[in-house]
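Comments concern the structure below.
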Amino acid sequence: MFALCDCNNFYASAERLFRPELNGRPVVVLSNNDGCVIARSEEAKACGIKMGDPEFLVRDLIKKFAIQVFSSNYVLYGDMSERVMHQLSRWFPRLDVYSIDEAFGWLGGVRELESYVPRIRESVVRNTGIPVSIGVAPTKTLAKLANKMSKKSGGVLVLDSEEKITAAVREFPVHELWGVGRQHYKKFEALGIRTAAELRDMPEMWFKQHMTIMGQRMWNELWGRPAIPLEQVREVKKGITVSRSFRNYIEQPEILAEAVTLYASRLAEKLRREKLRCLYLQVFLYTNKNREDHPQHFPSHTHKLLIASNSTTDLVGVAVRVSAKLFRHGVKYRKAGVIATGLVPESELQLNAFFDHDGGKKDTVSAVLDKLNLAFGRGTLRMASEGYEKKWRLKHEYLSKGYTTRWSDIIKVK
DNA sequence: TCTGGGGTCCTAGGACCC
DNA sequence: TCTGGGGTCCTAGGACCC
């Protein structure tokens, strides 16, 4: 049996944990750039705030109901996530951490599920302060379904018999299924399929034709036959991305180069932290697709490096050159990003026969960069092309403190 | 005026190779 | 007038996830 444990309203719960006076009050967390709502406490949901609502469209509701607003604080959420996962790993010897706020656990030989599972839930809340819900079923897809249904029935739901599963899928709305997004739902709607049970009754071939091999897997999972295995060891990453929206539009190539410099620097840092180098560097630019009156431009280009690299100077150089080629005058850019692919372990450096490797000089530079920035704070030593004013930088006006990661932000108890 | 970021997997088509 | 088969690599786009 699989268990899916998921933190309730995770970001909102994490923020409220250090501001207990907000218990029982509506809380929302905004995306980067304070753009849209990405987490809501139960009270905020009751106020009519929906997932993904742009902040500027719900400003009236926020005021009317005195909703507490937070910018996203990923350092805090990342740390709280680690604590929750650590607690879960005490109960599940085989744990598959699926995202920042959920994990699949394997319940192999456990017999008294109905009494065992609630104990897991209570211990996580007690030891981390983060409330979780747990759904248990024979497949991952059904465990996800059970987890969703559990939120309305005390936070635990165990589907351990044919009868319980059939009853559950009969009332479960098809658009809430794991793996069903907007496009698939449209198709189902046209066919009059409204529940998971109605979908499950379609022939296997139909799934394969309309939803590729993923649909076929879903079909088996809905009938209780596992098709998606537990992944205890995360596969090696295929790509690493750094992308951000700008605070305002960028219309000048020099300013774009500043932003791209910062993103490529961050990317190089991430690669080094993971002990990887990349062979391809992709750069992309976006305009604001919500503005029909603006000319749209979504250019992208992938550059192949001669030698796999994770050096800041290498990646910044390529990224700035590529972005300059992609840039078009008279266009208002909203966002840019860099993606590293063709990732290879740092230790397996493949040299190129026609170009000399520098004998590790760049690695030395990178090491010094990382050491100084670790000791004196991120950005202490950086590329000059990053610029000084950085007016394009993210907006986060409602940022909470680093309660669990910064000495100066630790809460004092009188 | 203001609408996130970081991923995965799958499919299809074109260029190129022998 | 007639022009293959099998493979890889790369790019792009679509769909989905949290």
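FYI, side chains are in, hydrogens and waters are out, and symmetry mates aren't considered; it's all heavy atoms of this structure. Bear in mind that the values here come from a model prediction, so they are computed numbers and not experimental data. Numbers restart at 1 for each chain; the letters A, B, ... are given by sequence-line order, proteins then strands.
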Below the 4.0 Å mark, does [N] have OP1 or OP2 next to a side-chain nitrogen or oxygen of [X]?
{"X": "A:Tyr280", "N": "C:dC9", "result": "no"}
{"X": "A:His184", "N": "C:dC16", "result": "yes"}
{"X": "A:Tyr98", "N": "C:dC17", "result": "no"}
{"X": "A:Arg291", "N": "B:dT1", "result": "no"}
{"X": "A:Arg247", "N": "B:dT1", "result": "no"}
{"X": "A:Lys238", "N": "B:dG7", "result": "no"}
{"X": "A:Ser300", "N": "C:dT11", "result": "no"}
{"X": "A:Ser31", "N": "B:dG5", "result": "no"}
{"X": "A:Lys237", "N": "B:dG6", "result": "no"}
{"X": "A:Ser243", "N": "B:dG6", "result": "yes"}

NZ/NE/NH1/NH2 to OD/OE distance under 4.0 Å, [X] and [Y]:
{"X": "A:Glu198", "Y": "A:Arg194", "value": "yes"}
{"X": "A:Glu122", "Y": "A:Arg119", "value": "no"}
{"X": "A:Asp79", "Y": "A:Arg406", "value": "no"}

Counting any heavy atom closer than 4.0 Å, what does [X] reach on the DNA or RNA strands: base, sugar-phosphate only, or nothing?
{"X": "A:Asp101", "answer": "sugar-phosphate"}
{"X": "A:Leu30", "answer": "nothing"}
{"X": "A:Gly337", "answer": "nothing"}
{"X": "A:Glu102", "answer": "sugar-phosphate"}
{"X": "A:Thr302", "answer": "sugar-phosphate"}
{"X": "A:Leu57", "answer": "nothing"}
{"X": "A:Met214", "answer": "sugar-phosphate"}

Output the rounded distance in Å from [atom1] ([X]) to [atom2] ([N]).
{"X": "A:His396", "N": "B:dG4", "atom1": "NE2", "atom2": "C1'", "result": "13 Å"}
{"X": "A:Arg40", "N": "C:dC18", "atom1": "CZ", "atom2": "C1'", "result": "14 Å"}
{"X": "A:Asn248", "N": "B:dT1", "atom1": "CG", "atom2": "C1'", "result": "10 Å"}
{"X": "A:Leu326", "N": "C:dT11", "atom1": "CG", "atom2": "P", "result": "13 Å"}
{"X": "A:Phe284", "N": "C:dA12", "atom1": "CZ", "atom2": "P", "result": "13 Å"}
{"X": "A:Lys304", "N": "C:dC9", "atom1": "NZ", "atom2": "P", "result": "10 Å"}

Query raised in the report: C:dT11 pairs with which nucleotide, Watson-Crick or G-U wobble, both distances below 3.5 Å?
Result: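 Paired with C:dT11, as far as the under-3.5 Å criterion goes, is B:dA12.
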Query - Atom pair CD/CZ of A:Glu15 and A:Phe10 - distance to nearest 0.5 Å - result: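 One finds 10.0 Å between CD of A:Glu15 and CZ of A:Phe10.
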Requested in this report: Find the distance between CE (A:Met383) and OG1 (A:Thr313) and round it off to the nearest 0.5 Å.
Outcome: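 It is 6.0 Å, given to the nearest 0.5 Å.
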Query raised in the report: Expressed as a whole number of Å, how far does the C1' atom of C:dG4 sit from that of B:dC16?
Result: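 C:dG4 and B:dC16 have their C1' atoms separated by 16 Å.
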**Report entry** Within 6.0 angstrom of A:Arg90 CZ, more than 12 heavy atoms from elsewhere
**Finding:**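 Count not over threshold, so no.
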